[in-house]
Undergrad: 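After the structure tokens below, expect a handful of questions from me.
What you see is a predicted model, and the numbers here were worked out from it, not measured in a lab.
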Amino acid sequence: MFQAYFVGGYRPADVLRGLGDWFTAEAVSIKPWPCCREVHGTLTALSDILQTHHVSGEEIEAIRIRVGNTNLELCEPGHLRRNPRHVTDALCNVPFNVAVGALHGYIPLDAYTAAGLRDPRVTAMAERVTWTHDPEQDRAGTLEPGAVRLDLADGRTYERVAEVSRGHPDWPLTLEQLRTKFLDCFHVSESLSSSCGTDLLGLVLNGEPEVPLRHLTSHLRPESRIR
């Protein structure tokens, strides 16, 4: 695999260093939101403002963001980014996801359904999102930070810069955030109920050191329950 992908341009000693003692899977980021990872820096800064200052979408008059080269591509052309037609257009999209986050306080999966893409409240919020390119935000070969300013209708202004995105090993998700993300998958499922997700989550978190696999998979069959 290394020969195929790196054409011999790798150091075997680095690949083997720490083998059996250090596991790279422990350093994997877990995305809190379903959109592409590049947008997470901006969403982290936005989320931090909303939660710290208890801001609701109705209070927001303008959202001004500074972006690097990569996120600039996910902002333009603005009229298409603010009004995505398909789920693939919405996932890698800064203005749309910022609008969803500002309106809901998080990014629910049903924002990417046909009804979610046409939500007039999201469209109206997206029109309040503007951006400028800031070379200080450019990052070659890695994720860009997020820089957000919120202008509220009552005159208050809040700004945040997020150098590390939420879900990064240096800023891991809380158990409650993981729970919200997990249950949201069942919320939009056409075959598995929300209660099924709650049951499965309870089984995993009940403190048992070992859970039979059949107990877990039984919750992933439509209308099934453990007997």
Undergrad: Do Val98 and Met125 come close enough that some side-chain heavy atom pair is under 4.5 Å?
TA: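 They are not in side-chain contact.
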Undergrad: Would you say that Thr157 contacts Arg149 through its side chain, given a criterion of any heavy-atom pair below 4.5 Å between the two side chains?
TA: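 Yes; the side chains approach each other to less than 4.5 Å.
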Undergrad: Between Val94 and Trp131, does a side chain to side chain contact (heavy atoms under 4.5 Å, CB included) hold up when you go through it step by step?
TA: CA-CA 10 Å; Val94 174; Trp131 53 87; over 6 Å; no
Undergrad: Taking atom types as modelled, find out whether His133 and Asn71 have a side-chain donor-acceptor pair closer than 3.5 angstrom.
TA: no
Undergrad: Flag yes if Ile49 and Val164 sit in one hydrophobic cluster, no otherwise; membership is Ile, Leu, Val, Met, Phe, Trp, Tyr, and two members link when side-chain heavy atoms are under 4.5 Å apart.
TA: no
Undergrad: With distance as the sole criterion, is a donor-acceptor pair present between the side chains of Arg166 and Ser47 under 3.5 Å?
TA: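 Checked: Arg166/Ser47 side chains pair up, N/O donor to acceptor below 3.5 Å.
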Undergrad: Applying the 4.5 Å side-chain criterion to the ILVMFWY set and letting contacts propagate, would Ile63 and Tyr106 be lumped into a single cluster?
TA: yes
Undergrad: Side chain of Glu38, backbone of Cys92: donor and acceptor closer than 3.5 Å?
TA: no
Undergrad: Check whether any side-chain N or O of Arg81 sits under 3.5 Å from a backbone N or O of Glu73 as a donor-acceptor pair, and report yes or no.
TA: yes
Undergrad: Classify the side-chain pair His53/Arg160 by whether it contains a donor and acceptor separated by less than 3.5 Å.
TA: yes
Undergrad: Please determine whether the number of non-hydrogen atoms from other residues, nucleotides or ligands lying under 6.0 Å from atom CZ of Arg37 exceeds 12.
TA: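 For Arg37, atom CZ is crowded (more than 12 foreign heavy atoms under 6.0 Å).
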Undergrad: Check whether more than 12 heavy atoms from other residues, nucleotides or ligands sit under 6.0 Å from atom CD of Glu76, and answer yes or no.
TA: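 Result for CD/Glu76: enclosed.
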Undergrad: Heavy atoms, side chains only, cut-off 4.5 Å: are Glu127 and Asn83 in contact?
TA: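 A side-chain contact under 4.5 Å exists here.
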Undergrad: I'd like to know if the side chain of Asp138 and the backbone of Asn69 have a donor-acceptor N/O pair within less than 3.5 Å.
TA: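 Yes; at least one donor-acceptor contact below 3.5 Å.
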Undergrad: Over 60° means perpendicular and under 30° means parallel, so tell me whether Phe186 and Phe182 are parallel, tilted or perpendicular.
TA: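 The rings of Phe186 and Phe182 sit tilted, inter-plane angle from 30° to 60°.
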Undergrad: Which is it for Phe96 and Val129 under the side chain to side chain contact (heavy atoms under 4.5 Å, CB included) test, yes or no, and what are the steps along the way?
TA: CA-CA 9 Å; Phe96 175 79; Val129 180; over 6 Å; no
Undergrad: Is Arg139 salt-bridged to Glu163, going by a charged N under 4.0 Å from an acidic O?
TA: yes
Undergrad: Arg128: what forms a salt bridge (charged side-chain N to carboxylate O under 4.0 Å, His left out) with it, not counting sequence neighbours?
TA: none
Undergrad: Does the side chain of Trp33 come within less than 4.5 Å of Val39's, by heavy atoms?
TA: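 In short, these two side chains do not touch, never coming nearer than 4.5 Å.
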Undergrad: Quick one: are Arg121 and Leu103 in side-chain contact, heavy atoms under 4.5 Å?
TA: yes
Undergrad: Is there a path of hydrophobic side-chain contacts, each under 4.5 Å between heavy atoms of I/L/V/M/F/W/Y residues, joining Val87 to Leu74?
TA: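 Linked within one cluster.
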Undergrad: Heavy-atom distance under 4.5 Å between the side chains of Leu150 and Leu50, does that happen here?
TA: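 With C-beta onward as the side chain, the pair touches.
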Undergrad: Hey, does Ile107 have a side-chain heavy atom less than 4.5 Å from the side chain of Tyr112?
TA: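 In contact.
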Undergrad: Of all residues at least two apart in sequence or in a different chain, which pass the side chain to side chain donor-acceptor pair (under 3.5 Å) check with Arg156?
TA: Glu59, Asp154, Tyr158
Undergrad: Can you tell if the side chain of Val148 reaches within under 4.5 Å of the side chain of Thr42, non-hydrogen atoms only?
TA: yes
Undergrad: How far does CG of Leu200 sit from OG of Ser195, to the nearest 0.5 angstrom?
TA: 11.5 Å
Undergrad: Closer than 4.0 angstrom, basic N to acidic O: yes or no for Asp184 and Lys181?
TA: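 Salt bridge: no.
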